[in-house]
Amino acid sequence: MFSNMFPLAAGQATRHARRVYVGGLPPTANEQSVATFFSHVMYAIGGNTAGPGDAVVNVYINHEKKFAFVEMRSVEEASNAMALDGVIFEGGPVKVRRPSDYNPSLAATLGPSQPSPNLNLAAVGLTPGSSGGLEGPDRIFVGGLPYYFTESQIRELLESFGQLRGFDLVKDRETGNSKGYAFCVYQDVSVTDIACAALNGIKMGDKTLTVRRANQGTTQPNPEQESVLLHAQQQIALQRFMLQPGALATKVLCLTEVVSVDELKDDDDYQDILEDMRIECGKFGALLNVVIPRPNPNGEPTPGLGKVFLEYADVDSSSKARQGLNGRKFGGNQVIAVFYPENKFSEGDYEV
């Protein structure tokens with residue numbers, strides 16, 4: 001009788017050290033999907049140390065609070081699972097932590113309390129030690145990226161909101177191809193929620209972006225940030241031209257953050273701005289045309305208002321102009337320069 005009780009007693013004694021807290025689960029998660037996923041990723045990283053079979057023996061989910069307790073079959077495997085913090089489950093990162101009843105001093109007598117340094121985390125898209133400042137509550141998860149996006153294109157999209165302190169596009173270890181998601185942290189963390197709100201749900205090609213704080217749910221910007229958010233969403237609409245599959249350079253550039261609507265109302269000011277643009281932007285090559293839409297006197301909306309359109313004689317000149325103008329500071333604002341479809345420009349269509 002006693003011999004039959006010992007395995008149970010041993011299991012209860014080690015349970016706090018074998019359980020793993022997993023937070024930030026999507027509503028679609030269930031016990032079976034969580035168990036299958038963590039058994040799979042534990043095997044993939046080489047985290048199974050208790051022999052053949054699945055590392056996960058039990059899962060309890062709290063659907064209301066979107067977390068789970070995942071019970072591993074050994075203390076060592078639970079410690080290895082600690083390396084999986086931020087792993088992508090069903091399209092989003094999840095938090096992996098010790099449960100609140102974890103007793104470190106007691107656990108130290110039961111087995112390793114730290115993950116093995118030999119785990120193959122790259123197999124599941126995790127890159128330890130190379131996050132470049134990508135830790136903390138302001139880390140942003142960017143998912144749903146089309147695979148044809150280059151690293152520089154994604155950075156340029158994100159930098160519409162400010163300079164990045166850290167950026168990591170997750171790539172397949174064997175092929176080097178993008179896995180369709182990235183992490184970033186802004187230098188100025190106050191723009192974190194604005195960037196998330198502006199980018200989340202944006203359609204790019206056949207994909208829809210999922211952008212949110214990596215360690216939290218969706219956070220809405222406060223009322224003071226609403227005008228900044230609106231402006232940022234207009235910038236993103238422009239950036240989308242540049243990020244379509246097979247997007248090519250054109251002879252036409254569209255600039256934002258160069259003129260204010262008030263400056264365009266006065267005829268003399270308007271002519272001065274036109275002349276300044278011709279001189280400054282003509283330095284990059286033969287400039288054929290400058291179009292700056294003006295506000296309607298009757299108050300009706302004007303397509304392209306606040307934008308400047310530059311038509312060059314050739315793509316080489318427009319490319320040089322884009323390289324020279326994009327990101328330049330103008331009146332305290334950072335200029336955004338993107339190629340604009342030539343057919344739309346020739347038809348007088350300035351609706352961005």
Side-chain angles (χ1 to χ4, degrees), residues 14-15 17-26 28-61 66-99 102 107 110-132 134-135 139 141-147 149 151 167-184 207 210 212 214-215:
T14 61
R15 191 162 180 253
R18 291 187 293 104
R19 286 202 315 164
V20 174
Y21 167 88
V22 179
L25 292 172
T28 52
N30 58 50
E31 282 82 357
Q32 185 59 53
S33 65
V34 171
T36 301
F37 174 78
F38 275 92
S39 288
H40 170 74
V41 294
M42 283 291 290
Y43 176 78
I45 66 173
N48 289 4
T49 55
D54 293 337
V56 177
V57 296
N58 191 33
V59 174
Y60 162 78
I61 290 186
K66 298 178 183 175
F67 73 83
F69 289 119
V70 178
E71 187 177 341
M72 301 292 178
R73 59 186 174 174
S74 76
V75 172
E76 187 174 0
E77 288 175 335
S79 293
N80 285 341
M82 290 298 104
L84 293 169
D85 186 37
V87 72
I88 303 302
F89 172 71
E90 294 188 3
V94 291
K95 290 186 285 188
V96 180
R97 303 279 192 274
R98 295 289 190 184
Y102 178 70
L110 301 172
S113 54
Q114 295 297 321
S116 165
N118 302 318
L119 297 176
N120 179 17
L121 297 178
V124 293
L126 295 174
T127 51
S130 60
S131 55
L134 290 175
E135 295 304 324
R139 183 172 70 139
F141 167 74
V142 185
L145 292 166
Y147 299 113
F149 274 26
E151 196 161 327
F167 173 78
D168 180 29
L169 175 62
V170 179
K171 298 176 181 177
D172 186 279
R173 188 169 60 95
E174 293 180 1
T175 66
N177 295 331
S178 163
K179 282 196 162 189
Y181 62 93
F183 295 93
C184 73
K207 301 271 190 175
T210 299
R212 57 184 169 84
N215 299 322

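One is the number of the first residue; the rest follow in order along the sequence.
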### Task
Taking the side chain as every heavy atom from C-beta outward, state whether E71 and R15 have any atom pair closer than 4.5 Å.
yes
### Query
If we only count heavy atoms from C-beta on, is the N48 to R73 side-chain gap below 4.5 Å?
yes
### Message
Looking at every non-hydrogen atom in both residues, tell me the closest pair between L169 and S178 and how far apart they are.
### Response
CD1-OG, 3.7 Å
### Query
So, do F183 and F141 have ring centers that fall under 6.0 Å from each other?
yes
### Task
Please assess D85 against K95 for the test side-chain contact (heavy atoms from CB on, under 4.5 Å), listing each intermediate value before the final yes or no.
CA-CA 5 Å; D85 186 37; K95 290 186 285 188; 4.0 Å; yes
### Message
Nearest 0.5 Å, please: how far is CZ in R139 from CG in D168?
### Response
9.5 Å
### Query
So, R98 and S79: side-chain donor and acceptor under 3.5 Å apart, yes or no?
yes
### Query
What is the minimum heavy-atom distance between A35 and V59, and which atoms define it?
CB-CG2, 3.7 Å
### Task
Could I get the full list of salt bridge (charged side-chain N to carboxylate O under 4.0 Å, His left out) partners for R19, not counting sequence neighbours?
D101
### Query
Can you list the residues that meet the side-chain contact (heavy atoms from CB on, under 4.5 Å) rule with N30, with sequence neighbours excluded?
Q32, S33
### Task
Identify the two heavy atoms, one from V75 and one from R18, that lie closest to each other, and give their separation to 0.1 Å.
N-CG, 3.6 Å
### Query
Would V34 and F89 satisfy side-chain contact (heavy atoms from CB on, under 4.5 Å), going step by step from the backbone distance to the final call?
CA-CA 9 Å; V34 171; F89 172 71; 4.0 Å; yes
### Query
Which atom names give the shortest non-hydrogen contact between V94 and G24, and what distance separates them?
CG1-O, 3.8 Å
### Task
Grab the two heavy atoms, one from V20 and one from A81, that are nearest each other, plus how far apart they are.
CG2-CB, 4.0 Å
#### Entry: For K179 against V124, the heavy-atom pair lying closest together
NZ-C, 4.2 Å
### Query
Rounded to the nearest 0.5 Å, how far apart are OG1 of T36 and CD of E31?
11.5 Å
### Task
Please list, chain by chain and in numerical order, all residues satisfying salt bridge (charged side-chain N to carboxylate O under 4.0 Å, His left out) with E151, sequence neighbours excluded.
K171
### Task
Return the set of residues passing side chain to side chain donor-acceptor pair (under 3.5 Å) with S74 (not counting sequence neighbours), or none when no residue passes.
E77
### Task
With the side chain counted from C-beta on, respond yes when V56 and M72 share a heavy-atom pair under 4.5 Å apart, and no when they do not.
yes
### Message
Taking ring pair (Phe, Tyr, Trp, His ring centres under 6.0 Å) as the definition, give me every residue that meets it alongside F67, ordered by chain and number, with sequence neighbours left out.
### Response
Y21, F69
### Message
Has R97 got a side-chain atom pairing as donor or acceptor with G23's backbone, closer than 3.5 angstrom?
### Response
no
### Task
Check side-chain contact (heavy atoms from CB on, under 4.5 Å) between P112 and all other residues, then give those that pass, not counting sequence neighbours.
E76
### Message
Within the 4.5 Å heavy-atom criterion, are F37 and V87 side-chain neighbours or not?
### Response
yes
### Task
Calculate, to the nearest 0.5 Å, the distance between atoms CD1 and CG belonging to I45 and N118 respectively.
11.5 Å
### Task
Side-chain contact test, heavy atoms from C-beta onward, threshold under 4.5 Å: evaluate it for M42 versus N80 and give yes or no.
yes
